[in-house]
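Just so we're clear, the structure is a prediction, and the values are computed from it rather than from any experiment. Here is how names work: the chains are called A, B, and so on, in the same order as the sequence lines, proteins then strands, and each is numbered from 1. Hydrogens, waters and symmetry mates play no part in the numbers below; they use all other heavy atoms, side chains included.
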Amino acid sequence: MKMTKIYEGSYQWIMYGRDENKPNNIIDTNQYIVRTANRCLLIDPGGIELFAPMLAAVLHHAPVEQITDLFASHQDPDIISSLGLWDQALPNAKLHAPAIWEGFLRHFGCDSIEYVAIPDNGGVIRLENVELKIIPAHYLHSSGNFHIYDPNAKILFSGDVGAALETPGAPMYVDNFDAHVEKMRYFHQRWMPSNQAKRNWIERVRELDIDVLAPQHGRVFKGDDVRRFLDWFEGLQVGTAV
Amino acid sequence: MRKNQTNSQFVAVASIAAELSAVMDVAKEISLAAANAKAIAFRAGEKAKGFQPITDFINELAKDTIELVNEINQHAMQLYQLTVDEYRMTEAHNKFELAAKYAKGAQYEQSLNAPRLKAQQNMQDCLRQFNAHIAQLLDQLGEVMHPARAARVIAANSRIEASQAGEYLQSLQAVAESVDNAAQVIHDNVQRCRSALSFITITE
């Protein structure tokens, strides 16, 4: 599992991905943690197949007992099918996840972990002195969907928005935006169902001060590539399967 | 090894549920046959006097079987839940061991020891509980065999009584036949349940 620090201040953002031992027939995912002095938040911790390498990777940055929070942007298996395993590893943790998916996500096993249901208008996750905003991103692509914005680190974790279908071992950052577009087009057109939801999200996200846009698949956008991505996404017709 | 064992547990518990559902249907058939026999015996009057108490017996046996099967069903549901728990515990235990292997040299590798130990204990507890439930369930299944055996004896008596019932002979013999067949079906199904359970070999 490759580990990349994407923010270093009084706390850290670390990205995990490109697991070499991952079976070829499952989609590659990016996991993130926000690590403060005594706590750790796992963002979209991943599927069952990824649980062991992900837990092992996190142990480079935090002990098990300090993994206090999990966040699931939506209900997909590549996001959170590992929940039943985290439930046994972290009996005192909280899972922040969309309210509308609670009854569904519990199928993965959630007996010990506390399910903190996020209402449709979002909310906040506090990790010691760090305040992370939960940004609604419904229908992008899931009907109950959230992103995380860190106003201090200026990072937007954007879930499936900005995702790309990459070959194994692809670099962590977008280095040539124009070349990267073709790796994102099909994903966004096919998985994102609503142009209205897309426009609404772009309007709200343009008001945020973002240095890094960090999706759950593919590469991370930095600096001007964030604006380039928003412009490109704005002009893209989505929901093309019907 | 454990994974295949757990898969066998799921199959065994599902087989039991299917067999029990069939036993329940047959027990209801016996109950219906008892009601039918009662009506015939009433019409036959003096000619079927000896048959009348037998119909009550048949009805009681059907009721006992239905009650027992209901209890066993509840037990089988608990066994199913235990199988699910055991599957999850075993998965967690195996994944934690794998994580420990991958985490060699990580700064916080030792912090995984407590969850690993806990997962192992949980898994062993589940296995112990599972074994205990299997033993209880086998006992309960043995109990269902008793009314089934008694039903066969009653069927034999019914045939004798039916032979004295004149023009009602055929109807009452048909009742005896149906009770006998039903008892045989229950016996066979319960035997299959027991075989399915014995098939599971539990090792820690």
Drop me the distance from [X]'s [atom1] to [Y]'s [atom2], to the nearest 0.5 angstrom.
| X | Y | atom1 | atom2 | answer |
| --- | --- | --- | --- | --- |
| B:K95 | A:L50 | NZ | CG | 9.5 Å |
| A:L85 | B:E91 | CG | CD | 6.5 Å |
| B:L98 | A:N21 | CG | CG | 9.0 Å |

If you count every heavy atom of other residues, nucleotides or ligands that lies below 6.0 Å from [X] atom [atom1], does the total exceed 12?
| X | atom1 | result |
| --- | --- | --- |
| A:Y7 | OH | yes |
| A:Y173 | OH | yes |
| A:H107 | NE2 | no |
| A:N129 | CG | no |
| A:K133 | NZ | no |
| B:Q74 | CD | no |

Any idea which heavy atoms bring [X] and [Y] closest together, and the distance?
| X | Y | result |
| --- | --- | --- |
| A:A56 | B:A99 | CB-O, 3.5 Å |
| B:Y102 | A:A52 | CD1-C, 3.8 Å |
| A:Q88 | B:F96 | C-CZ, 3.8 Å |
| A:P63 | B:S111 | CA-OG, 3.4 Å |

With a 4.5 angstrom heavy-atom cut-off, which part of A:I48 approaches chain B: side chain, backbone, both or neither?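 Both parts, heavy atoms under 4.5 Å.
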Max heavy-atom pair count under 4.5 Å with chain A, selected residue of B:A106, B:A103, B:A100: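 Most heavy-atom pairs under 4.5 Å with chain A: B:A106.
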I'd like to know which of B:M89, B:Q110, B:K118 tops the heavy-atom pair count under 4.5 Å against chain A.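 Result: the option with the highest number of such pairs is B:M89.
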Let me know if B:A92 has heavy atoms under 4.5 Å from chain A in its side chain, its backbone, both or neither.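 Interface part for B:A92: both.
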Report the C-alpha distance between A:H61 and B:Y108 in whole Å, list the side-chain angles of each, state the deciding distance to 0.1 Å, and finish with yes or no for side-chain contact (heavy atoms from CB on, under 4.5 Å). CA-CA 7 Å; A:H61 303 105; B:Y108 299 105; 5.5 Å; no
